[in-house]
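Reading through the structure tokens given below for one structure.
Throughout, protein chains are lettered first and strands after them, A, B, ... in sequence-line order, and every chain is numbered starting at 1. Being a predicted model, the structure only gives us computed values, none of them experimental.
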2 protein chains.
Amino acid sequence: MKPIVTFIKEKRRALKLSQVELAFKSGVGLRFVRELEQGKTTLRLDKVNQVLALFGKQVGITDLDHVEEEEN
Amino acid sequence: MKPIVTFIKEKRRALKLSQVELAFKSGVGLRFVRELEQGKTTLRLDKVNQVLALFGKQVGITDLDHVEEEEN
DNA sequence: TCAAATCATACCCGATAAGGTATAAATATT
DNA sequence: AATATTTATACCTTATCGGGTATGATTTGA
């Protein structure tokens with residue numbers, strides 16, 4: 001399972017968006033996008049979803065990665 | 001995809017835990033467990049993970065449910 | 001190599017999440 | 001039915017998230 005952090009970074013760059021643009025398009029603050037991409041763990045769920053929605057994703061339940069199988 | 005809310009409620013009851021016990025075992029406040037099970041969307045990510053960890057789960061990326069296929 | 005764009009870090013402020021607790025409502029147990 | 005357990009609602013306080021912004025670092029590209 002790919003961490004949210006890396007998913008967002010990859011997806012954003014794939015779409016050639018800057019953090020500023022991503023912030024604007026998703027309606028969150030720039031600060032938030034930065035903290036998000038830097039792996040801050042105390043973010044608010046709804047804000048994270050707000051960003052993920054831009055990529056057709058949302059937060060959901062996944063297995064706890066102990067050893068980690070990969071995919072995607 | 002099962003919403004986090006329902007997953008937690010189901011899992012907790014399956015393990016015959018009260019909200020109080022769940023709160024204690026996961027190390028979050030009782031209030032948090034309540035708000036979590038009532039679908040509050042502004043919760044902090046790390047706290048949600050703290051609870052999910054008890055069930056071997058964590059928060060991750062899932063598809064946005066438009067029409068919703070079921071499973072599980 | 002220099003300039004421009006992008007990103008990281010740090011500060012302040014207002015809003016609110018989280019915890020604690022108390023009480024009421026609802027469920028379960030006897 | 002009466003009681004005990006569990007859950008919901010409400011109030012208060014503290015800590016901090018999120019936004020804004022400014023500055024410095026890093027990356028990109030001309």
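One distance of note links CG of L52(A) with OG1 of T62(B); it measures 8.5 Å at 0.5 Å rounding. Between atom OG1 of residue T42(B) and atom CG of residue N49(A) there is a gap of 11.5 Å, rounded to the nearest 0.5 Å.
With rounding to whole Å, K40(B) atom NZ is found 13 Å from dT9(D) atom C1'.
Residues satisfying the side-chain hydrogen bond (donor to acceptor under 3.5 Å, both in side chains) criterion with D46(A), sequence neighbours excluded, are R44(A). Residues forming a side-chain hydrogen bond (donor to acceptor under 3.5 Å, both in side chains) with K40(A) (at least two apart in sequence, or on another chain): E35(A). For K11(A), the salt bridge (charged side-chain N to carboxylate O under 4.0 Å, His left out) criterion is met by no residue, not counting sequence neighbours. Qualifying side-chain hydrogen bond (donor to acceptor under 3.5 Å, both in side chains) partners for S18(A), counting only residues two or more places apart in sequence or in other chains: E21(A). K47(A) is linked by a side-chain hydrogen bond (donor to acceptor under 3.5 Å, both in side chains) to nothing, counting only residues two or more places apart in sequence or in another chain.
In this structure a side-chain-to-backbone donor-acceptor pair under 3.5 Å is present from Q50(B) to S26(B).
When hydrophobic side chains of Ile, Leu, Val, Met, Phe, Trp and Tyr are connected at separations under 4.5 Å, V5(A) ends up as a singleton with no cluster partners. Side-chain contacts under 4.5 Å among hydrophobic residues (ILVMFWY), followed directly or transitively, place L30(B) together with V20(B).
When each of K9(A), R13(A), R12(A), R31(A) is tested with E37(A) by the rule salt bridge (charged side-chain N to carboxylate O under 4.0 Å, His left out), just one qualifies, namely R12(A).
In this structure the side chain of I61(A) never reaches within 4.5 angstrom of the side chain of F55(B), judged on heavy atoms. By the 4.5 Å heavy-atom criterion applied to side chains, I8(A) and L22(A) are counted as neighbours. Counting heavy atoms from C-beta on, the side chains of K57(B) and F7(B) come closer than 4.5 Å.
Residues of residues 42-53 of chain A having a heavy atom closer than 4.0 Å to DNA chain C, listed by number: R44(A). Near DNA chain D, meaning a heavy atom under 4.0 Å away, the residues from residues 26-38 of chain A are V28(A), G29(A), R31(A), F32(A), E35(A). Residues from residues 10-23 of chain A that place a heavy atom under 4.0 Å from any atom of DNA chain C, listed by number: R12(A), S18(A), Q19(A).
One hydrophobic cluster, built from ILVMFWY side chains closer than 4.5 Å, cannot hold both F24(B) and L15(B); they sit in different ones.
Defining each end axis of the helix from dT1(C)-dA30(D) to dT30(C)-dA1(D) as the rotation carrying four pairs' C1' atoms onto the next four, with five pairs an end, the two axes are found to diverge by 60° to 10 degrees.
A 4.0 Å heavy-atom criterion places the boundary nucleotides of DNA chain C facing chain A at dC7(C) to dA17(C), written 5' to 3'.
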